[in-house]
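Worksheet: one structure, shown below.
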Amino acid sequence: DGCGHTVLGPESGTLASINYPQTSPNSTVCEWEIRVKPGQRVQLKFGDFDIDDSDSCHSSYLRVHNGIGPTRTEIGKYCGFGFQMDGLITSKTNEITVQFMSGTHTSGRGFLAAYSTTDKSDLITCLDNASHFSEPEFNKYCPAGCVIPFADISGTIPHGYRDSSSLCMAGVHAGVVSNTLGGQINVVISKGIPYYEGSLANNVTSKVGPLSTSLFTFKTSGCYGTLGMESGVIPDSQITASSILEWSDQIGHVNIWKPENARLKRVGPPWAAFISDEHQWLQIDLNKEKRITGIVTTGSTLAEYYYYVSAYRILYSDDAQKWTVYREPAMDKDKIFQGNTELYQEVRNNFIPPIIARFFRINPLKWHQKIAMKVELLGCQFSIGRAPKITMPPQPPPQNKNDDKNDDFSDDFIHSVKTLLQTDKTTFTPEIKNTTVTPSVTKDVALAAVLVPVLVMVFTTLILILVCAWHWRKRKKKTEGTYDLPYWDRAGWWKGMKQFLPTKSAEHEETPVRYSSSEISHLRSREVPTMLQTESAEYAQPLVGGIVGTLHQRSTFKPEEGKEASYADLDPYNSPVQEVYHAYAEPLPITGPEYATPIIMDMSSHPSTPLGVPSISTFKAAGNQAPPLVGTYNKLLSRTDSTSSARALYDTPKGQPGPGAADELVYQVPQSVAHSTGTKDE
């Protein structure tokens, strides 16, 4: 009477003392006999051990034996409060006996232990949780029987489970391992989330949980996709039932709860059976064999009709004629699945191992008021392999005395062959794909997956190149000034640059080139720059727009010979000779200022120019009286020769030290007539 929670599986299991984790009662005893396959050994691991040792293990203790029965031999006898047992207790054979004795005591929780075969080196117990391990990812083996009432979990798939949850119990909830078989889990630790949802799955209730620093999830095969009930991949014609609920309401409207209504999350009524008994069923034809790993069910989802199925069986078939009831391995009873506890909540159950079949039936066994439900199947595609062909040996002729024995042998052999064919349908590991429809993976799809991103990148690059070229062209046009030559007329730009380079000696003075107004007036506007570039001169050749900012603005014409170095600011646009609109200077607009700022060349830096000579205007006076400008009656003002004038019309050019303006280094705007120091009329 001292046995507590106990699940003994074929390869692993869990056992605990009575009333664990509370204090065990006095004077109780329990003995577990564990047997695994021949050739294997048993290992025992304690998750918790707390047995009174006040009498030195005389009346309260735990004893482990090799073997079963009178021939067993003792491995060890253990007791103590909070006893920490290092390592595992390993048997010498495939059998082991665990004996628990509880005498008179006032405290002590008892114990909880797990066992497995010795090939499961990473065995853990049902009490281990994720916080006990520091690795971000690890593999462990969970024993059978970890759905225990004194442990809890928070979370669900796919979001993850709180780190305080029992690893193995969460594995059962997620459908990774079976509670009756145990199994391997692959755990991944990640950052926690603020809220953990609760749900009911595989007879395990997950509770709502608060924020935690970390959570864990499980790596799986990925065969948990929906198979087409909700999405409509399974047509209505492939969903049938034993009976259909049909009735007329108070206003005479006929209500028919047909089998095709049994689609999960579909708005409206569910499927309901006309008669509520254990012989009703809902059948789904998957069109071909599929790997079915789970099922999700709800009730009617209609508040006015509180109907749901609370327990059911699963049957499957390849031809819809011969049906097999689902059982877990090594079990001789049909598995009864826990259904819904109310009409809205989705309840999931997983099949471990999965079902390989085309036809799938749900047989309700318990329900509330009426049989009504909505369903979705989980799984993936299945690649069918041919089973090995078995040749039956010839049977010996029957003998009179052994007829019954031969018949028994034949039946046993045929049964074993059928079992082999049923369990070993494939000779290779099937390809598992998580999808709700039949996948059509071909080379074309793989090629398209590569080409499409490449083409998108190529077109994007071309568009960027075109946009950049357009912006560059637009910017280049903007850099061409009003007085610059177009880029196709700049072939002789280097000639115009050479005279600014310090290649000539200041001792040798070249003969200047002189031009008269009459010569210039008879030239076309395009011929002027060509004539000015005929040979090197003291004055700058026409400049290109790209270097004006570097070499400063300079004059392109030399005044007539014999004139002193002074400014004669007569209007160059209204002279007695033929009007010339030079390519490098344009008339001012009517609404603009009366005077155009002359382009000045700094002659102080030229080797052939004596120091102290003021800069020379690029325009030449032509006539005694300056003609008036268009739209004005003011006379042009000229700068006097005197270097002692206190107020000149134009300040000293930039870079030339003048006697009266040594501290002024930039050109100023022309002064008004009232500030002029003198005028010169010719």
Side-chain angles (χ1 to χ4, degrees), residues 3-18 20-21 30-37 40-50 62 64-65 68 75 78 84-91 93-100 109-133 138-153 161 165-187 201-204 216 218-220 328-331 335 350 352-353:
C3 301
H5 173 76
T6 302
V7 175
L8 304 181
E11 294 186 347
S12 64
T14 301
L15 53 149
S17 58
I18 189 172
Y20 180 86
C30 183
E31 193 172 280
W32 295 267
E33 295 179 349
I34 301 169
R35 182 182 292 106
V36 296
K37 294 180 180 179
Q40 295 181 333
R41 295 185 299 162
V42 182
Q43 60 185 4
L44 190 68
K45 182 173 184 177
F46 289 96
D48 189 18
F49 193 97
D50 191 64
L62 181 75
V64 183
H65 300 269
I68 296 175
I75 297 176
Y78 312 95
Q84 297 293 330
M85 187 172 296
D86 297 331
L88 304 173
I89 299 175
T90 305
S91 69
T93 65
N94 67 320
E95 296 177 340
I96 193 173
T97 301
V98 179
Q99 185 182 47
F100 170 67
R109 296 183 301 274
F111 77 97
L112 181 140
Y115 77 88
S116 71
T117 55
T118 53
D119 58 336
K120 311 295 190 301
S121 59
D122 49 2
L123 174 68
I124 60 176
T125 70
C126 302
L127 300 180
D128 287 313
N129 55 46
S131 60
H132 294 168
F133 305 95
F138 53 87
N139 292 317
K140 298 296 176 182
Y141 184 84
C142 287
C146 279
V147 178
I148 48 181
F150 43 83
D152 56 9
I153 61 172
Y161 296 88
S165 303
S166 167
L167 286 171
C168 295
M169 191 169 177
V172 175
H173 182 272
V176 178
V177 294
S178 168
N179 184 54
T180 58
L181 298 174
Q184 200 79 24
I185 58 173
N186 189 342
V187 182
N202 298 306
N203 204 23
V204 178
F216 64 90
F218 300 97
K219 279 188 176 181
T220 65
E328 291 182 314
M331 297 294 170
K335 181 174 177 60
N350 292 93
I352 303 176

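Two residues are said to be in side-chain contact when any heavy atoms from C-beta on lie closer than 4.5 Å; I185 and Y141 fail this criterion. Side-chain contact between F49 and R109: absent, with no pair of heavy atoms (C-beta onward) separated by less than 4.5 Å. Here the side chains of E95 and I34 are not in contact, with every heavy-atom distance at 4.5 Å or above. Here the side chains of F46 and L127 are not in contact, with every heavy-atom distance at 4.5 Å or above. Using a 4.5 Å heavy-atom cutoff, the side chains of R35 and I68 are in contact. Two residues are said to be in side-chain contact when any heavy atoms from C-beta on lie closer than 4.5 Å; P329 and P353 meet this criterion. Side-chain contact check for T97 versus E31: some heavy-atom pair is nearer than 4.5 Å. Between F138 and L167 there is a side-chain heavy-atom pair separated by less than 4.5 Å.
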Candidate pair N179 and N202, rule side chain to side chain contact (heavy atoms under 4.5 Å, CB included), full reasoning: CA-CA 9 Å; N179 184 54; N202 298 306; over 6 Å; no
Residues S165, D152; criterion side chain to side chain contact (heavy atoms under 4.5 Å, CB included); working and verdict: CA-CA 6 Å; S165 303; D152 56 9; over 6 Å; no
Side chain to side chain contact (heavy atoms under 4.5 Å, CB included) evaluation trace for Y115 with E11: CA-CA 8 Å; Y115 77 88; E11 294 186 347; over 6 Å; no
Stepwise side chain to side chain contact (heavy atoms under 4.5 Å, CB included) check, D122 with Q184: CA-CA 9 Å; D122 49 2; Q184 200 79 24; 2.6 Å; yes
Pair C126-C168, disulfide bond (SG atoms under 2.5 Å apart): steps then yes or no: CA-CA 6 Å; C126 302; C168 295; 5.7 Å; no
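Atom CG in N139 sits 8.5 Å away from atom NZ in K219 (nearest 0.5 Å). S116 OG to Q40 CD: the interatomic distance, rounded to the nearest 0.5 Å, is 9.5 Å. With values rounded to the nearest 0.5 angstrom, T90 atom OG1 is found 12.0 Å from K45 atom NZ. If you take CG on L8 and CG on L15, they are separated by 7.0 Å, rounding to the nearest 0.5 Å. Atom OG1 of T125 and atom NE2 of H132 lie 8.5 Å apart (nearest 0.5 Å). Distance OH/Y78 to CG/L62: 8.0 Å, rounded to 0.5 Å.
In terms of heavy-atom proximity, G110 sits nearest to S17 at CA-OG, 3.2 Å. Looking at every heavy atom in both residues, G13 comes nearest to P143 through O-CB, 3.6 Å. Among all heavy-atom pairs drawn from A114 and L123, the shortest one is O-CD2, 4.1 Å. Among all heavy-atom pairs drawn from S166 and F216, the shortest one is O-CZ, 4.3 Å. Considering every non-hydrogen atom in both A113 and L44, the closest pair reads CB-CD1, 4.1 Å. Residues H65 and I96 approach most closely at O-CG1, 3.1 Å, considering heavy atoms.
T117 and Q43 form no side-chain donor-acceptor contact under 3.5 Å, judged by distance and modelled atom types alone. A side-chain donor from one of S178 and T180 sits under 3.5 Å from a side-chain acceptor of the other.
For the pair N129 (side chain) and S131 (backbone), a donor-acceptor distance under 3.5 Å is present. Of the possible polar contacts, one joining the H5 side chain to the G145 backbone as a donor-acceptor pair under 3.5 Å is found.
Checked against a 6.0 Å centroid threshold, the rings of F100 and F111 count as neighbours.
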